[in-house]
Amino acid sequence: MENALSLAAGNLLSPMVLFFALGMLAALVKSDLSVPEAIAKGMALYLMLAIGFKGGAAVSDHGLDATLVLALLAGAVLSFLFPAIAYFLLRASTKLSAVDAAAVSAHYGSISIVTFVAASSALQSAGIADPGYMVAVAAVMESPAIISALYLLARSGEWDRGDTKGGFSTDLMREVVLNGSVVLLIGAFVVGLVTGKEGFAAIAPFIDAPFKGVLCLFLLDMGLVAGRGLRQGGSALGGGTVLFGLYMPLISAVIATVFAFAIGLSPGGAALLITLAASASYIAVPAAMRLALPEARPAIYLTLSLGVTFPFNLTIGIPLYIVLGQLAGAP
Amino acid sequence: MTLATFHKKRLDIVVEAPVLNRLLDLLDDLAVTGYTVLPALAGRGAEGAWRRAGMVSDAGRMVVVMCILDEARIDDVLQPVYELVRRQIGIVTVSDVAVIRPDHF
């Protein structure tokens, strides 16, 4: 308990979370503070490259084992499973239409890579080892949820697709699977795997030392984006939908804890699997939903994922997931 | 001396950024001789107001695709473009314009 409280306090008072809070506050009071779009994109690329490379280098150093394969499988199964739970809960407890519920479900089955990066950084601060390969699990968990959510909607009989394109297609899956952040994440992981310790030492001054500072600036921007989203789209969310954005990550976290225990992940690996499971997408899936379900309202799924679940995970969720990881993880 | 101008049609498509690649592929398939893509900075529509600066992904961004066509081709292009974008957030307009080099369109 003491450990959990100290983790929570350490996380809440970390520069990352405080910069995120600053951004949110600035947006809510309508400050003109903003991060130029090109810089925000550059920072996102930097973070993907750094986290992917570090993961690959760590795996090269420690070697691969069967746990990696099990973790990849677990990630895919969870990403398929969560939309079904989310869809059922949303239909039972909110007034969302079938299309909106399916779009939201897809977001909660997929993952937020920034939440993953923040959790990796929190693990490092807490001195808990990260197995490295969870980056590959993150990439695997991006897209199955989209297929699952579209399947649920098709089965519901409440989806009027008309005669237009939309829904599931190979083009859509290609665009999701090959989206820039996934390609860079996996590409950097492979480069890290190939070049190993020596490669890491060669570029450590670029990808290691400035990492937390860049993450702070990036989270300041995320705070601004989340705050603006809440200000503009908050009225589109009902009370039940907001509650869903808070309890669904906890349900996903508990299920992922069982999976992490069953496959014997380390405490750090378990914490990251739980974090991935509890996070909700706001980059890859919203773009996919605009193509597959254009009738679904972005004001609902983007605001919920970015304005409610992301801040919740960043402040309260991550320390909780680290504690769950320690409980579930193999020593 | 007055420069000679020639009547053409201008097609403006304001559409969500995620659809852009599909739209450009379609214009290429339809052998449209040229188009220009412009980023939209901000706007307001049926889904409310938005600003490019406040977006974390392409999902909420809008772009404008502009192309000039010969009048004889407008229906051939407009119908499939409309089929592609009619369920998306956006606007399609056709207007009369005058160009100086008619052989380009």
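What's counted below: heavy atoms across the whole structure, side chains too, no hydrogens, waters or symmetry copies. Naming: A, B, ... by sequence-line order, numbering from 1 per chain.
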Any chance CZ of A/F19 has more than 12 other-residue heavy atoms, nucleotides or ligands included, within less than 6.0 Å?
-> no

For A/K212, does the NZ atom sit with more than 12 other heavy atoms under 6.0 Å from it, leaving out its own atoms?
-> yes

Rounding to 0.5 Å, atoms CZ (B/R87) and CG (A/L291) come to a distance of 13.5 Å

Minimum heavy-atom distance between A/P298 and B/I89, given as atom pair plus value | CG-CD1, 4.4 Å

Hey, is the main chain of A/P294 close enough, under 3.5 Å, to the side chain of B/Q88 for a donor-acceptor pair?
-> no

More than 12 non-hydrogen atoms from neighbouring residues, nucleotides or ligands closer than 6.0 Å to OH on A/Y46, yes or no?
-> yes

Heavy atoms only: give me the nearest B/P18-A/A287 pair and the separation to one decimal.
-> CB-O, 3.7 Å

Around atom CG of A/L45, are there more than 12 heavy atoms of other residues, nucleotides or ligands at under 6.0 Å?
-> yes

